[in-house]
Amino acid sequence: MLKLSPIILALLLLTACGGKVITETAAKPAEPPKPPSSVPMWLGNTSRNFYGTGPWVGKKLEVVWEFETKWITGRLHEDPWGGSSWPGQPSVDESRVYFGSADGRLYCLDKKDGRLIWTYKTEDSLKATPTIVGNRLIASGLDHYIYCLDARDGTLLWKYKTGFEVDCSVAVINNRVYFGGEDGFFYSLNLDDGTLIYKTERLGSMEGSFSVVDDRAYIGTEQGDLYCLNLADGTTVWKARIGADSDSTPAVYEGKVYTAAENGVVYCFRQSDGQLLWKYQATGGTLKEKSGMWASPVVANGRVHIGSSNGYLYCLTADKGEVVWRYKAKAAIWGTSPLVDGRLIFGDKAGWIHSISADDGAAISELKIGDNINATPAILGGRIYIGAFNGKLYCLK
């Protein structure tokens, strides 16, 4: 191949371009992707691993606004319930906050000031996180129904009755609504009209939610089993034995599945076949009121974070389940602990909200807002949205 000297090449370029020298323009660096502008479902996405956005500032936690719900009694509770119960994470978009309340109502609030926009009344308490999909909102609760509402004004579009309570938060994928029920079945419905696409054979009561990774769903049962299901038809890929009532949403991370149970044990299984890799027993006893776990594991940066009824938030290594640190709260921790920009945010059953360092578990700030916090916070744009079992939903900063 003929090689041209730099001088000849420059002359050719000048001649071809009418005497103008062509200079190469440096490519502009690609703009970094914008952070998500909503927390539209339980733990942010169908993989349950988006925990929210900052930024954080150096000030202490404080209340921006609060909203008070009503109170109801139900067939399973003679005492009045209001506010948010377990797991109870709100959904948040660019302008609104949606949450199901223990008073049996689904609320839509203005994100800026907590003003009520609309409410929809069901037949019993709502505990699951509502799922935002376009202009639709999917909610469920103790009255056995799945509800699909118009998110703009709360108009009912359709509802589907299951065989028992639904605390599981739904996932919507390719126009299908997926969820597990306490009647023991895993369901797939048509988003358009709520018609049944499939329901599995009876797997066991599913009180917690599930994670979807690579077209497979991972979900635990109150009978102590962990299932990996083919999302397309609900068939079982594998089943692993937990051995105790599990309400956690499994976390899938780097080829492993993490979950926990009411016996106070955190488990790690191999994602491909369900083989148990390790387990960690929380200290303080094996009875559920002492060390049981209702929270879901938050797994990031090679670590597992989860709270226990013994009042400790644990940080374990993801590969071996060894303790990195533990943080002592004021009371039992039932809610899950989102990790955002190096901070873990969670509540305890004494009514305190805690902000701690994910690096070493050091306390950053705490604030008492209620009498009993079972719920999980939603975090967006440095705001924390969380309900208490005292009949209120709070926005904190």
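What you see is a predicted model, and the numbers here were worked out from it, not measured in a lab.
Between the CG atom in Asp153 and the OH atom in Tyr120 there is a gap of 12.0 Å [rounded to 0.5 Å]. Distance check, rounded to the nearest 0.5 Å: CG of Asp215 to CG of Leu231 gives 6.5 Å.
At least one side-chain heavy atom of Trp294 sits less than 4.5 Å from a side-chain heavy atom of Ser309.
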Assess the residue pair Asn45 and Ser47 against the criterion (side-chain hydrogen bond (donor to acceptor under 3.5 Å, both in side chains)); give the C-alpha distance rounded to whole Å, side-chain angles, the decisive distance to 0.1 Å, and a yes or no.
CA-CA 5 Å; Asn45 57 30; Ser47 298; 4.6 Å; no
Please test Leu196 against Tyr187 for side-chain contact (heavy atoms from CB on, under 4.5 Å), starting from the C-alpha separation and ending with a verdict.
CA-CA 8 Å; Leu196 179 67; Tyr187 291 84; 3.9 Å; yes
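Salt-bridge formation is not detected for the pair Asp103/Lys70: no Lys NZ or Arg NE/NH1/NH2 atom is positioned less than 4.0 Å from an Asp or Glu carboxylate oxygen. For the pair Asp93 and Arg96, the salt-bridge criterion is not met [side-chain N within less than 4.0 Å of a carboxylate O].
Here the options are Val324, Val266, Val299, the test is side-chain contact (heavy atoms from CB on, under 4.5 Å), and the partner is Leu316; only Val266 passes. None of Lys330, His354, Lys368 except one satisfies the side-chain hydrogen bond (donor to acceptor under 3.5 Å, both in side chains) rule with Asp348; the exception is His354. In summary, of the residues considered (Thr122, Leu126, Thr119), a side-chain contact (heavy atoms from CB on, under 4.5 Å) with Leu106 occurs for Leu126 alone.
Tyr145 carries Lys159 over the face of its six-membered ring, with the cationic atom under 6.0 Å from the centre and within 45° of the normal. Geometrically, Lys279 does not engage Tyr267 in a cation-pi contact, judged by NZ or CZ lying under 6.0 Å from the ring centre and within 45° of the ring axis. A cation-pi arrangement, defined by a distance under 6.0 Å to the six-membered ring centre and an angle within 45 degrees of its axis, is present between Lys199 and Phe185. Both the sub-6.0 Å distance and the 45° axial angle are not jointly satisfied by Lys127 relative to the ring of Trp86. By the 6.0 Å and 45° rule, Arg48 stacks over the aromatic ring of Phe210.
The aromatic ring centroids of Tyr280 and Tyr314 lie less than 6.0 Å from each other. Between Tyr312 and Tyr327, the distance from one ring center to the other does not fall under 6.0 angstrom.
In summary, the side chains of Asn135 and Asp150 do not present any donor paired with an acceptor at a separation below 3.5 Å, with no hydrogens or angles considered. For the residue pair Arg136 / Thr131, no side-chain donor-acceptor distance below 3.5 Å is found, with atom types taken as modelled. There is no side-chain donor-acceptor pair under 3.5 Å between Tyr258 and Ser211. Side-chain polar atoms of Asp359 and Ser357 form no donor-acceptor pair below 3.5 angstrom.
Heavy atoms from other residues, nucleotides or ligands lying under 6.0 Å from CG of Asn301 number 12 at most.
Heavy-atom minimum distance, Met206 versus Gly220: CG-O, 3.6 Å.
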